[in-house]
Amino acid sequence: MQDIRLSKKTYKLEQDPYIYQLQDIEEPELFREMFPYTETPKIAFNYRRVPENMPKDIFITDTTFRDGQQSRTPYTTEQMVHIYKLLHKLGGPKGMIRQTEFFVYSEKDRKALEKCLSLGYKFPEITTWIRASKKDFELVKSIGIKETGILVSCSDYHIFHKMGLTRKQALDKYLGIVSDCIDAGLRPRCHFEDITRADFYGFVVPFANKLMDLSRESGVPIKIRACDTMGYGVPYPGAALPRSVSGIIYGLQHHSDVPSEMIEWHGHNDFYKGVVNATTAWMYGASAVNCSLLGIGERTGNVPLEAMIFEYASIRGTLNGMNTQVITQIAEYLEKETGYKIPPMTPFVGANFNLTRAGIHADGMMKNPEIYNIFDTETILNRPPKVSITNTSGVAGVAFWVNAHRRKMDLDELPKTAPLIKKIYEWVTSEYDTGRVTMISDAELEAKYAEYAEV
């Protein structure tokens, strides 16, 4: 029997001809046409498009201390506390960085969590990620945590091949774990691992339906984190499930009545689509995108938190209280205090992101920085544009460097024709004429500036 009802979202009569039930198959559905393994994955299209439905309230959640720690040297307790303070400052008074998650397995992590809790910040709210056991539920509850993440893998790759279960066994196990979490007085956040290789109508939707039933019965909100664990998600309109990001978000809302504020996207960057997939999730109905600072995470990394700050500002036309200069503070702290080396070409935080080596670019920057600088990086990120002096820098590049150096000393700028600039340029030229192949460091240029300025 077909169900026709008035939608509370569109205020139109909608026909939902089928309530999806669990398909408890004997053999795993591995979508071999899309994921042949010995070839590159395939993107299939069925040209089914779903409506955009961006929520009024969209925000960022953080996994720096969880997923972000799994691919690097672990942070010390003191480092975690300092980074948490910077996250609070970055997110601003409106809590644009809404939550951050911690492990609680080690004494170090628990100590860091407790010290961060003692700061009394409302945002980011501290949550956890734990093993699905009653013992762990009681542990986090005793610490004072209100929400915890629970791993509920949903592709047959995991259900059959990792856990050795059937879909029915996995579903029953997961529902029991979520019930235990609720009984312990916690809000569950269900991490739908590997959702972009899962049977969406045969497992994901029926499971989400059961979770929403449980949420209504218990009165406890249950979040669903859609985890693009392998970075297979694609943002293209008309792409087929399970790889369609828009299809996943729409399907959770339309078929399972999951509210936007209970949907979170967690992406990886294996195919360079981390940021655009996260933005697509926002546009089609997810309130939250889960990120890590600088994108540090498993394999190719997570969605960079700083990237989604600029995505938010681009879409909404405001930073909504976020302090973007803290991004530079975070990058400097991670490099100097934790030993993490930021790839120089990394947007917003890399050494080269607003640096030019070409003389023609430097000449344009001297005339008007908007010509080659993406925005006012000095105001927004406390990162003035820079030049690096090489054999292609020309007189304009040397002049740009000299004047940037003079501004630090509160001295007036010099024209390109100034004798001081000419002397430094001649020295640079002689270096490369005699076989030099490396770029010239700031220290070398500062020494030459001091030498020629005294003449």
Query raised in the report: Can you tell me if Thr377 and Asn354 form a side-chain donor-acceptor pair at under 3.5 Å?
Result: yes
Query - Met163 CE: over 12 foreign heavy atoms closer than 6.0 Å - result: yes
Query raised in the report: Is Phe203 close to Leu171 at the side-chain level, that is, under 4.5 Å between some pair of heavy atoms?
Result: yes
Query raised in the report: Is there a donor-acceptor pair under 3.5 Å between the side chain of Ser393 and the backbone N or O of Ser388?
Result: yes
Query raised in the report: Is a side-chain donor or acceptor of Arg299 paired with a backbone partner of Asn302 at a separation under 3.5 angstrom?
Result: no
Report task. Examine distances only and state if a side-chain atom of Tyr84 and a backbone atom of Pro124 form a donor-acceptor pair shorter than 3.5 Å. Result -> yes
Query raised in the report: Mind checking whether His255 and Tyr250 have parallel, tilted or perpendicular rings, split at 30° and 60°?
Result: perpendicular
**Report entry** Ionic contact status for Asp213 with Arg216, cut-off 4.0 Å
**Finding:** yes
Requested in this report: Decide side-chain contact (heavy atoms from CB on, under 4.5 Å) for Leu445 and His405; before the verdict, give the C-alpha distance in whole Å, the side-chain angles of both, and the deciding distance to 0.1 Å.
Outcome: CA-CA 10 Å; Leu445 288 165; His405 185 62; over 6 Å; no
Query raised in the report: Can you tell me if Asn277 uses its side chain to pair, donor with acceptor, with the backbone of Gly233 under 3.5 Å?
Result: yes
Report task. Report the residue from Lys223, Lys141, Arg98 that forms a salt bridge (charged side-chain N to carboxylate O under 4.0 Å, His left out) with Glu147. Result -> Lys223
Query - Under 3.5 Å: donor-acceptor pair, side chain of Ser260, backbone of Ser287 - result: no
Query raised in the report: With Arg72, which residues qualify under side-chain hydrogen bond (donor to acceptor under 3.5 Å, both in side chains), at least two apart?
Result: Thr338
Query - Spacing of Leu334 atom CG and Tyr75 atom OH [to the nearest 0.5 Å] - result: 5.0 Å
Query - Intermediate values then yes/no, side-chain contact (heavy atoms from CB on, under 4.5 Å), Ile330 and Ile83 - result: CA-CA 7 Å; Ile330 289 169; Ile83 293 168; 5.7 Å; no
Requested in this report: Can you see which heavy atom on Cys190 is nearest to which on Ile222, and at what distance?
Outcome: SG-CG2, 3.9 Å
Query raised in the report: For residues 109-118, which residue pairs qualify under side chain to side chain donor-acceptor pair (under 3.5 Å), counting only residues two or more places apart or in two chains?
Result: Ser106-Asp109, Glu107-Arg110
**Report entry** Check: Asp62/Thr100 side-chain N/O donor and acceptor closer than 3.5 Å
**Finding:** yes
Query - N/O donor-acceptor pair under 3.5 Å between Lys42 side chain and Thr40 backbone - result: yes
Query raised in the report: Can we say Arg225 and Glu101 salt-bridge, meaning some charged N sits less than 4.0 Å from an Asp/Glu carboxylate O?
Result: yes
Requested in this report: List the atom of Arg406, the atom of Tyr449, and the distance in Å for their closest heavy-atom pair.
Outcome: NH1-OH, 2.9 Å
Report summary line: Distance col, row Arg187:CZ vs Ser218:OG, nearest 0.5 angstrom, shows 12.5 Å
Report task. Please say whether more than 12 non-hydrogen atoms of neighbouring residues, nucleotides or ligands are located less than 6.0 Å from CD in Glu14. Result -> yes
Requested in this report: Report the distance from atom CZ of Arg243 to atom CD1 of Ile248, rounding to the nearest 0.5 Å.
Outcome: 10.5 Å
Requested in this report: State which residue, out of Thr328, Ile327, Leu293, fulfils the side-chain contact (heavy atoms from CB on, under 4.5 Å) condition with Val349.
Outcome: Ile327
Requested in this report: Determine the minimum heavy-atom distance between Ser153 and Ile159, stating which atoms define it.
Outcome: O-CG1, 3.8 Å
**Report entry** Main-chain N/O of Ser71 paired to Glu298 side chain as donor or acceptor, under 3.5 Å
**Finding:** no
Query raised in the report: When the ring planes of Phe207 and Phe192 are compared, do they come out parallel, tilted or perpendicular, using 30° and 60° as the limits?
Result: parallel
**Report entry** Val276 backbone acceptor or donor facing Thr280 side chain under 3.5 Å
**Finding:** yes
Requested in this report: Identify the heavy atoms of Asn46 and Ala239 that sit nearest to each other, and give their distance.
Outcome: OD1-O, 3.9 Å
Query raised in the report: Looking just at side-chain N and O atoms, do Asp228 and Thr196 make a donor-acceptor pair shorter than 3.5 Å?
Result: yes
Report task. May I ask you to check if Arg197 and Tyr157 form a cation-pi contact, with NZ or CZ under 6.0 angstrom from the six-membered ring centre and within 45° of the axis? Result -> yes
Query - Neighbour count above 12 (heavy atom, 6.0 Å) for Lys108 NZ - result: yes
Query raised in the report: Looking at side-chain heavy atoms only, is the closest gap between Trp282 and Ile249 below 4.5 Å?
Result: no
Requested in this report: For side-chain contact (heavy atoms from CB on, under 4.5 Å), just list the numbers for Arg167 and Glu29, CA-CA rounded to whole Å, side-chain angles, deciding distance to a tenth of an Å, and then say yes or no.
Outcome: CA-CA 11 Å; Arg167 289 181 180 179; Glu29 172 57 86; 3.7 Å; yes
Query raised in the report: How are the rings of Phe310 and Phe375 set to each other: parallel, tilted or perpendicular (split at 30° and 60°)?
Result: parallel
**Report entry** Residues Glu413, Arg407: salt bridge by 4.0 Å N-O rule
**Finding:** yes
**Report entry** Atom pair CG/NZ of Leu319 and Lys94 - distance to nearest 0.5 Å
**Finding:** 10.5 Å
Requested in this report: Check Tyr174 against Leu151 and note the closest heavy-atom contact, atom names and distance.
Outcome: CE2-O, 4.4 Å
Query - Nearest heavy-atom neighbours spanning Pro41 and Tyr232 - result: CG-CE2, 3.6 Å
Query - Ser179 side chain to Leu175 backbone, donor-acceptor under 3.5 Å - result: yes
Query raised in the report: If you measure only the distance, is there a donor-acceptor pair under 3.5 Å linking the side chains of Thr148 and Thr128?
Result: yes
Query raised in the report: Are there more than 12 heavy atoms of other residues, nucleotides or ligands under 6.0 Å from atom NZ of Lys386?
Result: no
Requested in this report: Answer yes if the side chains of Thr61 and Gln99 hold a donor-acceptor pair under 3.5 Å, and no otherwise.
Outcome: no
Requested in this report: Kindly compute the distance separating CG (Leu214) from CD1 (Ile182), expressed to the nearest 0.5 Å.
Outcome: 4.0 Å
Query raised in the report: Would you say the side-chain atoms of Tyr201 pair up with the backbone N or O of Pro206, donor to acceptor, closer than 3.5 Å?
Result: no
Query raised in the report: Would you call Glu306 and Leu294 a side-chain contact if the rule is heavy atoms closer than 4.5 Å?
Result: yes
Report task. Give the intermediate values and the outcome of side-chain contact (heavy atoms from CB on, under 4.5 Å) for residues Asp136 and Val104. Result -> CA-CA 9 Å; Asp136 281 3; Val104 290; 5.8 Å; no
Requested in this report: Assess whether atom CZ of Arg316 is packed by more than 12 heavy atoms of other residues, nucleotides or ligands within 6.0 Å.
Outcome: yes
Query raised in the report: What distance separates Lys89 NZ from Asn323 CG, expressed to the nearest 0.5 Å?
Result: 6.0 Å
